[in-house]
There are 2 protein chains.
Amino acid sequence: MATMADVARHAGVSVKTVSNVLSGYPHVRDATRERVQASVDALGYEINVTAKIFRSGRSGVVGLSVPELGQPYFGELADEILAAARRHGLQVLIEPTGFTRDGELAALRVPRGGLVDGLIFSPAALVQADAHLLDELGYPLVLLGEQMFSSSVDHVTMRNIDGAQAATELLLDAGRRHIAAIGMLHAETAGSAWLRYTGYSKALEARGIEVDTRLLGWADDAWHRGNGARAMADVLDSGVRVDGVVAFNDALAIGAMYELQARGLAIPQDVGVVGFDDIEDSRYSVPTLTTVDPGRREIANVAVDILRRRLQELRRPSAEQVSPVLYLAGMRLVERESTPRRAR
Amino acid sequence: MATMADVARHAGVSVKTVSNVLSGYPHVRDATRERVQASVDALGYEINVTAKIFRSGRSGVVGLSVPELGQPYFGELADEILAAARRHGLQVLIEPTGFTRDGELAALRVPRGGLVDGLIFSPAALVQADAHLLDELGYPLVLLGEQMFSSSVDHVTMRNIDGAQAATELLLDAGRRHIAAIGMLHAETAGSAWLRYTGYSKALEARGIEVDTRLLGWADDAWHRGNGARAMADVLDSGVRVDGVVAFNDALAIGAMYELQARGLAIPQDVGVVGFDDIEDSRYSVPTLTTVDPGRREIANVAVDILRRRLQELRRPSAEQVSPVLYLAGMRLVERESTPRRAR
DNA sequence: GAAACGATTTACACCGGTGTAAACGGCTTA
DNA sequence: TAAGCCGTTTACACCGGTGTAAATCGTTTC
């Protein structure tokens, strides 16, 4: 395997000049650059990445901690983050934490080893009380989601309240007045379920409609399709009239749609349904599902951008350090077959 | 940040002894080991991973190339591989290839850089004619799936034929005789669709039933839920009688179930349905879906084990090199609500 | 033509560990 | 007691690049 010294000898220049050419240092004469490049090609030289990382102290690898890739939302988020990172020449080391506290604590320790320059972290088991763990990490961290907040780290998240509110308003605008909320959780306070419920109730209140607890569908273990069907069944069994459904994620919505259809209710004629997350499944369900695109791609792009900026700041500490930001991605309602046209 | 030299000074031993302690070298006196460990703790020393990788030439990182994590099968596979790797102290760098030829070619080039010791590769765009690309890679590669085969690399895959055959037999055993196959693809020859179709037709032939082309549901772009519903509709529209469905993956099966139920057919009373892959969704669909577990966890474990063995061989070339293996994971039928009990 | 200056190029130390081979020490064997 | 041996520890070169600062070169300025 050829080394940089071999290339230098072959091209008749110093090792450092080869290094300069390969790392894009601007002050290299064109003729030199070409000669070096020719030698690189002739010898089939490829730079030793590990030596580069070791010496420069930067790996170009960022960590990504998510609970589980098998869950479509996180799988799709990971795809977006990987794509964004790749556009900037960064690689991504994924650390699934399995919804466990230990897994998440371990993920926070990973970067100290040195292989990873920074971390994008989507907690699910750590809670607000653990926020102090994020304070003095010694490496750049970008937080995702609504599990915990801290003024000392950058945070990228979505407009949960606005999204759920818009979803509810879409149904209200179509004249629906008996709108169920599917996906209530007992355990949460600041989490997504609570925020999405807040958006739902705000929309109703704005129209002077009181929240009817019979319309709240509880899904206590997890936001899976089966729980959506069960929660929908509970609501329908209560005897309350339902002409719209806001589900707190797409899997719940698909389960709810199943239950509605099983009972002979037509979607969207009898009941309009809106999900949340815009996972790929919602484009292929039957009927296709109106949902809230929480800006997953934007979240991925912004998270990677912020991390890159922090890594740059680290390199030249001269520049003014921007204080941590809280970024809310733009939310967008994606209308498909499961909702009626808006009344005009 | 403390270095190994600091620890050595603090413990009154040589740097190499510290290194020996930390890397588990057996011939170290207990007293020495304890003294070193105490110094490590006292100084809060953490080994510089990049220096270790650089000098040792091994990173402990393996690459994983899959088309897309957003697809539940691959997301879940990635979770399993990550878990298996972590159990052996390996980290995983994921490279989604986006179903593109370029993406897959790029993934094959990655390890040459040095950050990755070996690669687990699940091709989707490369075809059999590209198999020669795998011949002289210069690093250990484990191939997954049915897209291409090569006698020069290790390969871990699943019992597609047996699985589809068992799925079909399950329906036959329950007395069904008009079994549709959902998910036929034109473009494939050695791919999963063809193999699963082969299992389907073998099962029928074994009972002396001829394949009825009206029962074949074509899903040409991709195995998504919507295509499953459409293919199912095509079959039903042909007027042929249907009392069973073998879908070539779970998403297709869920789509097919939708279409059947929309037409008033009861599952499993009127029509039994079997999927393939055992993705988590199949446990939460309504009704829950009988499916073929292709041994995803086993595939992950075996792939990681094989890769580890190859990496060890690389370290001490003395040992006898085992020639490349083709491993077929054990398949298992998971019976759920969507199939009738077997006739006895 | 000398000085000044920016653009190029270079020498060399150094990053922080690990591999190798040799040194050391205590104990058994002859 | 000397030689042999094994378990333990060590010195030191070295992995292959990059950072720093200085040397060199070609122009421009005076």
Side-chain angles (χ1 to χ4, degrees), chain A residues 1-37 39-40 43-61 89 112-115 117 311-312 314-318, chain B residues 1-37 39-40 43-61 112-115 117 311 314-318:
Chain A
M1 188 77 91
T3 75
M4 209 173 249
D6 298 328
V7 176
R9 204 170 308 121
H10 187 274
V13 297
S14 74
V15 173
K16 182 65 205 199
T17 296
V18 177
S19 170
N20 286 339
V21 169
L22 293 180
S23 55
Y25 181 67
H27 299 302
V28 176
R29 203 171 301 159
D30 285 347
T32 311
R33 190 188 310 279
E34 282 161 24
R35 197 143 39 88
V36 169
Q37 192 55 56
S39 298
V40 165
L43 299 178
Y45 170 73
E46 294 188 39
I47 198 164
N48 181 320
V49 179
T50 59
K52 182 195 183 81
I53 293 174
F54 168 49
R55 175 61 223 219
S56 68
R58 274 166 281 120
S59 67
V61 178
R112 314 251 326 251
L115 227 192
D117 291 341
L311 292 171
Q312 276 174 357
L314 230 54
R315 222 167 306 173
R316 19 184 187 69
S318 55
Chain B
M1 190 77 92
T3 77
M4 208 174 251
D6 297 329
V7 176
R9 204 171 308 120
H10 187 274
V13 296
S14 75
V15 172
K16 182 65 208 204
T17 295
V18 177
S19 171
N20 286 340
V21 169
L22 293 180
S23 55
Y25 181 68
H27 299 301
V28 177
R29 202 172 302 161
D30 284 347
T32 311
R33 191 187 308 282
E34 281 161 25
R35 198 144 39 89
V36 168
Q37 192 56 56
S39 298
V40 166
L43 300 178
Y45 171 72
E46 293 187 39
I47 198 165
N48 181 321
V49 179
T50 60
K52 181 194 183 85
I53 294 174
F54 168 50
R55 174 62 222 220
S56 67
R58 277 166 280 118
S59 68
V61 178
R112 314 255 320 258
L115 226 193
D117 291 340
L311 293 172
L314 230 54
R315 223 167 305 173
R316 23 185 183 67
S318 55

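Proteins get letters first, then strands, A, B, ... in listed order; numbering begins at 1 in each. Fair warning: this is a prediction, and the values are worked out from it, not measured in the lab. Values reported hereafter were calculated over all heavy atoms of this structure, with side chains retained and with hydrogens, waters and symmetry mates removed.
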Between C/dC14 (C1') and B/N48 (CG): distance, integer Å: 13 Å

For atom OH of A/Y25 and atom P of D/dG19, their distance in whole Å: 11 Å

Proximal nucleotide (of D/dG16, C/dT10, C/dG16) relative to the B/T3 side chain: C/dG16

Note, A/V7 side chain near A/L22 side chain (heavy atom, < 4.5 Å): no

Euclidean distance, atom CZ of residue B/F54 to atom P of C/dT18 [Å, nearest integer]: 13 Å

Closest-nucleotide ordering on DNA chain D, the 5'-leading residue of A/R29 and A/S23: A/S23

Rounded interatomic separation in angstrom, taking CD1 from B/I53 and P from C/dT18: 11 Å

A/K52 side-chain N/O to D/dT18 phosphate OP1/OP2 under 4.0 Å: yes

Strand contacts (DNA chain D) in residues 11-19 of chain B, 4.0 angstrom heavy-atom criterion: B/V13, B/S14, B/K16, B/T17

Gap between atoms CD and C1', on B/E34 and D/dT8 respectively (whole Å): 16 Å

Nucleotide D/dT8, atom P - distance to CG of B/N20 in whole Å: 11 Å

Audit row: B/V13, B/V18, side chain to side chain contact (heavy atoms under 4.5 Å, CB included) steps and yes/no: CA-CA 7 Å; B/V13 296; B/V18 177; 3.8 Å; yes

OP1 or OP2 of D/dG17 under 4.0 Å from side-chain N/O of A/T50: no

Phosphate-side-chain proximity, B/T32 and D/dT9, N/O vs OP1/OP2 below 4.0 Å: yes

Nearest listed nucleotide, side chain of A/I47, among D/dT9, C/dT9, D/dG17: D/dG17

B/S19 side-chain N/O to B/V15 backbone N/O, donor-acceptor pair under 3.5 Å: no

Min side-chain heavy-atom separation B/R58-B/L311 under 4.5 Å: no

Nearest-0.5 Å distance, CE of residue A/M4 to OG of residue A/S39: 12.5 Å

B/Y25 backbone acceptor or donor facing B/N20 side chain under 3.5 Å: no

Per A/R55 side chain, nearest of listed nucleotides C/dT9, C/dC14, C/dT18: C/dC14

B/Y45 vs C/dG16: side-chain N/O to OP1/OP2 distance below 4.0 Å: no

Rounded distance in Å - CD (B/E46) to C1' (C/dG17): 15 Å

Short side-chain to backbone donor-acceptor contact, A/S59 and A/L115, under 3.5 Å: yes

Per A/M4 side chain, nearest of listed nucleotides D/dT9, D/dG17, C/dA7: D/dG17

Within-4.5 Å side-chain heavy-atom neighbours: A/T50 and B/R55: no

Euclidean distance, atom CG of residue B/D30 to atom P of D/dG7 [Å, nearest integer]: 14 Å

B/R58 vs C/dG19: side-chain N/O to OP1/OP2 distance below 4.0 Å: yes

